[in-house]
Amino acid sequence: MTLRADPAPAAATRVPRFGPAQRRIHRATALLMGVCVVTAACLYVPQLAELVGRRDLVVRIHEWAGLALPVPVLAGLASRAFRADLGRLNRFGAHDRLWLRAALRRDKRREARPAGKFNAGQKVYASWVAGATLVMLGTGLLMWFTHLTPIQWRTNATFVHDWLALTLGIVLAGHIGMALGDPEARHGMRTGWVSEDWADREHPLWRR
């Protein structure tokens, strides 16, 4: 009796998820956000401030990175694919409410968490980060142009800016942690392609 080798498994079918515009916008936004977070840490953590020094330079980098943060998204509005994704992120349906209820109950069954191209968690995250970024930009401008506003406004803006920055850092850490736990999602954002099995499992309502 001769032994036969098992046939090699077929390569997973890949489907397009993100085009060049979406990937570039995500990378540019992530880079600017990372610069804001790192420079903010250097300004507020005494040990980092002593290690880095040159506080004035760090402040200028933080300010200009914050001002530039909305630019990738605004430039991306020229892309039809990016505008379509923004429309999907901004639209909640009945399946999104099911996904959120399942998440709150910690129900991890796939059938309990229906999702289109973006699940409800991603939609909530995108909306929250967009709103937080605008608030951070507005309060940062009040802190920057000190001669244009009363001191009470600047004091309130500083309070909101600092505490929202801390909250934003925690949310971003959670986002990065979830991305690290899903290699296929990272592959999709890096290359634009995901496996068909992953798409059917994680986003069964996504009409590709």
Side-chain angles (χ1 to χ4, degrees), residues 12 14-38 40 69-70 72-74 76-77 79-137 160 163-208:
R14 292 280 172 181
V15 294
R17 181 163 173 80
F18 295 117
Q22 294 102 310
R23 301 200 306 277
R24 289 169 184 160
I25 293 165
H26 185 271
R27 289 169 187 166
T29 303
L31 176 62
L32 291 169
M33 185 69 77
V35 171
C36 287
V37 170
V38 171
L69 197 54
V73 173
L74 294 176
L77 294 177
S79 165
R80 180 182 300 176
F82 181 66
R83 293 198 306 272
D85 276 352
L86 287 182
R88 295 185 183 98
L89 285 168
N90 196 40
R91 190 177 303 116
F92 270 73
H95 62 280
D96 294 310
R97 289 189 287 272
L98 291 175
W99 193 100
L100 288 173
R101 282 199 291 267
L104 292 174
R105 295 195 306 266
R106 298 183 181 276
D107 186 350
K108 297 183 179 181
R109 293 175 302 150
R110 300 300 180 188
E111 60 272 16
R113 296 191 180 193
K117 184 174 184 179
F118 303 103
N119 62 45
Q122 292 168 328
K123 294 178 180 180
V124 170
Y125 169 79
S127 299
W128 191 91
V129 169
T133 300
L134 292 177
V135 174
M136 293 290 287
L137 180 61
V160 172
W163 282 102
L164 186 56
L166 177 60
T167 307
L168 187 58
I170 295 172
V171 172
L172 287 173
H175 175 67
I176 294 171
M178 295 194 69
L180 291 175
D182 194 342
E184 191 64 27
R186 296 200 312 273
H187 186 274
M189 185 54 71
R190 187 174 65 254
T191 68
W193 295 80
V194 294
S195 69
E196 190 172 30
D197 291 341
W198 179 88
D200 291 338
R201 184 178 69 251
E202 299 291 339
H203 303 271
L205 303 181
W206 175 25
R207 295 178 178 84
R208 297 183 288 279

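Residues take their numbers from the sequence shown, with the count starting at 1.
A pairwise comparison of heavy atoms in D85 and K117 identifies OD1-NZ, 3.0 Å as the closest pair. The shortest non-hydrogen separation linking L164 to A132 is CD2-O, 3.7 Å. When every heavy atom of A120 is checked against every heavy atom of L100, the shortest pair comes out as CB-CG, 3.7 Å. Between A102 and A112, the shortest heavy-atom contact is CB-O, 3.3 Å. Pairing each heavy atom of L77 with each of F82, the nearest pair is N-CD2, 4.0 Å. The two residues W99 and G121 make their nearest non-hydrogen contact at CZ3-N, 3.4 Å.
Panel note: side chain R113, backbone D107; a donor-acceptor pair is recorded below 3.5 Å. Of the possible polar contacts, one joining the D96 side chain to the G93 backbone as a donor-acceptor pair under 3.5 Å is found. Although no hydrogens or angles enter the test, the distance criterion places a donor-acceptor pair under 3.5 Å between the side chain of R186 and the main chain of L180.
Within 6.0 Å of atom CZ in R23, more than 12 heavy atoms from other residues, nucleotides or ligands are found, so the atom counts as buried in its surroundings. With a 6.0 Å radius and a threshold of 12 heavy atoms from other residues, nucleotides or ligands, R105 has its CZ atom above the threshold.
Side-chain contact between T167 and W128 is present, with heavy atoms from C-beta onward closer than 4.5 Å. Inter-residue side-chain proximity for L98 and R101 is flagged as met; some heavy-atom pair is nearer than 4.5 Å. Residues L69 and M136 have side chains not in contact (no heavy-atom distance under 4.5 Å, counting atoms from C-beta outward). The closest side-chain heavy-atom distance from P72 to L32 is below 4.5 Å. Between E202 and R110 there is a side-chain heavy-atom pair separated by less than 4.5 Å. For the pair H175/V129, no side-chain contact is recorded, criterion being any heavy-atom separation below 4.5 Å from C-beta on. Looking at L86 and N90, their side chains never come closer than 4.5 Å, going by heavy atoms from C-beta outward.
The CZ atom of R24 sits 15.0 Å away from atom NE2 of H26, with the distance rounded to the nearest 0.5 Å. In this structure, M189 CE and F18 CZ are separated by 4.0 Å, a value rounded to the nearest 0.5 Å. Expressed to the nearest 0.5 Å, how far CZ of R27 lies from CZ of R190 amounts to 9.0 Å.
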Taking it one step at a time, do W198 and D182 satisfy side-chain hydrogen bond (donor to acceptor under 3.5 Å, both in side chains)? CA-CA 10 Å; W198 179 88; D182 194 342; 3.3 Å; yes
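Under the 6.0 Å distance and 45° angle rule, R14 does not count as a cation-pi partner of W193.
Looking at H187, E184, H203, Q22 one by one, the single match for side-chain contact (heavy atoms from CB on, under 4.5 Å) with R17 turns out to be H203.
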